[in-house]
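The sequence lines fix the lettering, A, B, ..., with proteins before strands; numbering per chain opens at 1.
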Amino acid sequence: MCGRFTLTVQPAQLIERLGAHMQEKWGEPWQPRYNIAPSQLVACVRLNPHSTQREGVMLRWGLIPAWAKDPAIGTKLINARMETAGEKPAFSAALQRQRCLVLADGFYEWQRHGRFSQPYYIRLREGRLFAFAGLWDQWRGPEGTVIESCAILTAPSNSFLASIHSRMPLILCPDDWDVWLDGKEHNTSRLLRSLRPCPPEDFVVVPVSRCVNDPAVDHPGCIEPVE
DNA sequence: CCAGACGTTGTT
DNA sequence: GTCTGG
DNA sequence: CCAGACGTTGTT
DNA sequence: GTCTGG
């Protein structure tokens, strides 16, 4: 699954990678993030619902469906299984019409050893930026509060990660970014089947300090290899 | 029909 | 044990 | 994901 | 809003 990740690159690099003509609201001041946790704002790309242009936007991680009475439901909806998201009331509408990219350059998985768990940091070779397949929604509270939030799809682990953990986030290869964002593809099971997985040999996995366990800790020590 | 949930992971 | 917050 | 709280009333 | 369970 995916419960923590990193984004250390600067907005200028994001824009270079994603297209210069994009509207972006990633905001300042920007700082590298080594321990992004659920409920926090994450940097995303989506099609603007009106202009249908790509836009950069910060979304709260933990999807709050438009119909929710209590926004606390978002704490449970940080991941969506790609195998079943189309049939879930919380995700099906967003999967059809409100897909997004969640930008990251690494993520963490915990491997349980009895009562302790060992965190691992997973990234691509060369530290390349990548994108999780995400869903977003907009929630309007009774007092006019508006919260835009997102969830990250999960998939069975590939051969490289299977020994660490049985699930992993769905990572889109750059060739699939456009079709994922494209609001025209409403046949979601066909869309999901068409995605090309990132080759397992592109990943690098290292065990890291348990300091990453504490969501308040956010410094380069989180990604330093240990052992 | 209405009421109530709406999720994933991992562990037993 | 279960829920909430980060 | 993990960490940390887990409750109400009334008073300041 | 939409689905499931009673």
Original post:
Could you state the CZ-P distance from A:Arg60 to C:dT4, rounded to the nearest angstrom?
Top reply: 13 Å

Original post:
Considering only heavy atoms from C-beta outward, does the side chain of A:Lys88 approach that of A:Arg81 to under 4.5 Å?
Top reply: no

Collect all protein-nucleotide pairs involving nucleotides 3-5 of chain B in which both atoms are nitrogen or oxygen and the distance is under 3.5 Å.
none

Original post:
According to the 5.5 Å centroid and 30° plane-angle thresholds, does A:Trp67 stack upon the nucleobase of B:dC6?
Top reply: yes

Subject >> Test item: side-chain donor near acceptor, A:Asn48 and A:Glu55, under 3.5 Å >> reply: yes

Original post:
Rounded to the nearest 0.5 Å, what separation is found between the CG atom of A:Leu191 and the CD atom of A:Gln96?
Top reply: 11.0 Å

**OP:** Sort and list the pairs that fulfil side chain to side chain donor-acceptor pair (under 3.5 Å) and have at least one residue in residues 31-40 of chain A, not counting sequence neighbours.
**Re:** A:Arg4-A:Asn35, A:Arg33-A:Gln40, A:Arg33-A:Asp218

Original post:
Is any side-chain heavy atom of A:Cys173 less than 4.5 Å from a side-chain heavy atom of A:Leu195?
Top reply: no

Subject >> Side-chain heavy-atom pair A:Cys100, A:Leu59 within 4.5 angstrom cut-off >> reply: yes

**OP:** Have a look at A:Lys88 and say if it touches a base, only the backbone sugar-phosphate, or nothing, with a 4.0 Å heavy-atom cut-off.
**Re:** sugar-phosphate

Acceptor/donor pairs from residues 13-24 of chain A side chains to any protein atom, 3.5 angstrom cut, sequence neighbours excluded:
residue : atom : partner : partner atom : Å
A:Gln13 : OE1  : A:Gln10 : N            : 3.1
A:Glu24 : OE1  : A:Trp26 : N            : 3.0

Subject >> Rounded interatomic separation in angstrom, taking CG from A:Leu170 and P from B:dT8 >> reply: 14 Å

Original post:
Tell me the side chain to side chain donor-acceptor pair (under 3.5 Å) pairs involving residues 170-181 of chain A, sequence neighbours left out?
Top reply: A:Arg54-A:Asp178, A:Asp176-A:Arg196

Original post:
Do A:Val57 and A:Leu135 share a hydrophobic cluster (ILVMFWY, side-chain heavy atoms under 4.5 Å, transitive)?
Top reply: no

Original post:
Within the structure shown, what part of the strands sits under 4.0 Å from A:Ala80 by heavy-atom distance: base, sugar-phosphate, or nothing?
Top reply: sugar-phosphate

**OP:** Let me know the distance between CZ of A:Arg33 and P of D:dC1, rounded to the nearest Å.
**Re:** 19 Å

Original post:
Taking only residues at least two apart or on different chains, which pairs with a member in residues 55-80 of chain A satisfy ring pair (Phe, Tyr, Trp, His ring centres under 6.0 Å)?
Top reply: A:Phe5-A:Trp61

Original post:
For A:Ala37, which contact category applies under a 4.0 Å heavy-atom criterion: base, sugar-phosphate, or nothing?
Top reply: base

**OP:** Mind listing the residues from residues 212-227 of chain A sitting with a heavy atom below 4.0 Å of DNA chain B? Number order is fine.
**Re:** none

Subject >> C1'-based separation of B:dG7 from D:dC1 [nearest Å] >> reply: 14 Å

**OP:** Determine the Euclidean distance between corresponding P atoms of B:dC6 and D:dA5; express it in Å to zero decimal places.
**Re:** 27 Å

**OP:** Could you list by number each residue of residues 118-125 of chain A showing a heavy-atom separation from DNA chain B of less than 4.0 Å, or answer none if no residue does?
**Re:** none

**OP:** For A:Gln40 and D:dC2, give me the distance from atom CD to atom P, rounded to whole Å.
**Re:** 15 Å

Original post:
NA contact type, A:Leu63, heavy-atom cut-off 4.0 Å: base, sugar-phosphate, or nothing?
Top reply: nothing

**OP:** Indicate yes or no: at least one non-hydrogen side-chain atom of A:Cys222 is less than 4.5 angstrom from one of A:Tyr108.
**Re:** yes

Filtered N/O pairs between nucleotides 9-12 of chain B and protein, under 3.5 Å:
residue : atom : partner  : partner atom : Å
B:dT9   : OP1  : A:Thr154 : OG1          : 2.9
B:dT9   : OP1  : A:Arg167 : NE           : 3.0
B:dT9   : OP2  : A:Arg81  : NH1          : 2.3
B:dT9   : O3'  : A:His165 : NE2          : 3.3
B:dG10  : OP1  : A:His165 : ND1          : 3.1
B:dG10  : OP1  : A:His165 : NE2          : 2.2
B:dG10  : OP2  : A:Ser166 : OG           : 3.0
B:dT11  : OP1  : A:Arg112 : NE           : 3.3

Original post:
Got A:Asn187 and A:Glu185 here, is their nearest side-chain heavy-atom distance under 4.5 Å?
Top reply: yes

Compile the donor-acceptor pairs under 3.5 Å between side chains in residues 147-158 of chain A and protein atoms, sequence neighbours left out, one pair per line.
residue  : atom : partner  : partner atom : Å
A:Glu148 : OE1  : A:Arg46  : NH1          : 3.4
A:Glu148 : OE1  : A:Arg46  : NH2          : 3.2
A:Glu148 : OE2  : A:Arg46  : NH1          : 3.3
A:Glu148 : OE2  : A:Gln138 : NE2          : 3.2
A:Ser149 : OG   : A:Ile64  : N            : 2.8
A:Thr154 : OG1  : A:Arg167 : NH2          : 3.1
A:Ser157 : OG   : A:His165 : O            : 2.6
A:Ser157 : OG   : A:Ser166 : O            : 3.3
A:Ser157 : OG   : A:Arg167 : N            : 3.3
A:Ser157 : OG   : A:Arg167 : O            : 3.2
A:Asn158 : OD1  : A:Phe160 : N            : 3.0
A:Asn158 : OD1  : A:Leu161 : N            : 3.0

Original post:
What integer distance in Å separates A:Phe91:CZ from E:dT2:C1'?
Top reply: 14 Å

**OP:** Could you check how far CZ of A:Arg4 sits from C1' of C:dG5, rounded to whole Å?
**Re:** 11 Å

**OP:** Please state the P separation for the pair D:dT9 and C:dT2 - nearest whole angstrom.
**Re:** 26 Å

Original post:
Is it the case that one hydrophobic cluster holds both A:Ile73 and A:Val42, taking links as side-chain heavy atoms less than 4.5 Å apart, direct or via other members?
Top reply: yes

Original post:
Using links of under 4.5 Å between side-chain heavy atoms of ILVMFWY residues, direct or through other members, which residues join A:Phe116 in one cluster?
Top reply: none

**OP:** Please state the C1' separation for the pair B:dA3 and D:dG10 - nearest whole angstrom.
**Re:** 37 Å

Subject >> Whole-Å distance separating the CD1 atom of A:Ile64 from the P atom of C:dG5 >> reply: 11 Å

**OP:** Can you tell me, in whole Å, how much space there is between the P of D:dT8 and that of C:dG5?
**Re:** 14 Å

For residues 199-215 of chain A, run the donor-acceptor check on the side chains, cut-off 3.5 Å, and write out each pair with its distance to 0.1 Å, sequence neighbours left out.
residue  : atom : partner  : partner atom : Å
A:Ser209 : OG   : A:Cys211 : N            : 2.9
A:Asn213 : OD1  : A:Trp110 : NE1          : 2.8
A:Asp214 : OD1  : A:Ala216 : N            : 2.9

Subject >> Pairing annotation in dot-bracket form, given for DNA chain E with Watson-Crick or G-U pairs under 3.5 Å and | for cross-strand partners >> reply: ||||||

Subject >> Heavy-atom neighbours of A:Arg125 CZ exceed 12 at 6.0 Å >> reply: yes

Original post:
Do the non-hydrogen side-chain atoms of A:Glu109 and A:Pro169 ever get within less than 4.5 Å of each other?
Top reply: yes

Subject >> Below 4.0 Å: OP1/OP2 of D:dC2 and any side-chain N or O of A:Ser117 >> reply: yes

Original post:
To the nearest angstrom, how far is A:Ile147 atom CD1 from C:dG5 atom C1'?
Top reply: 13 Å

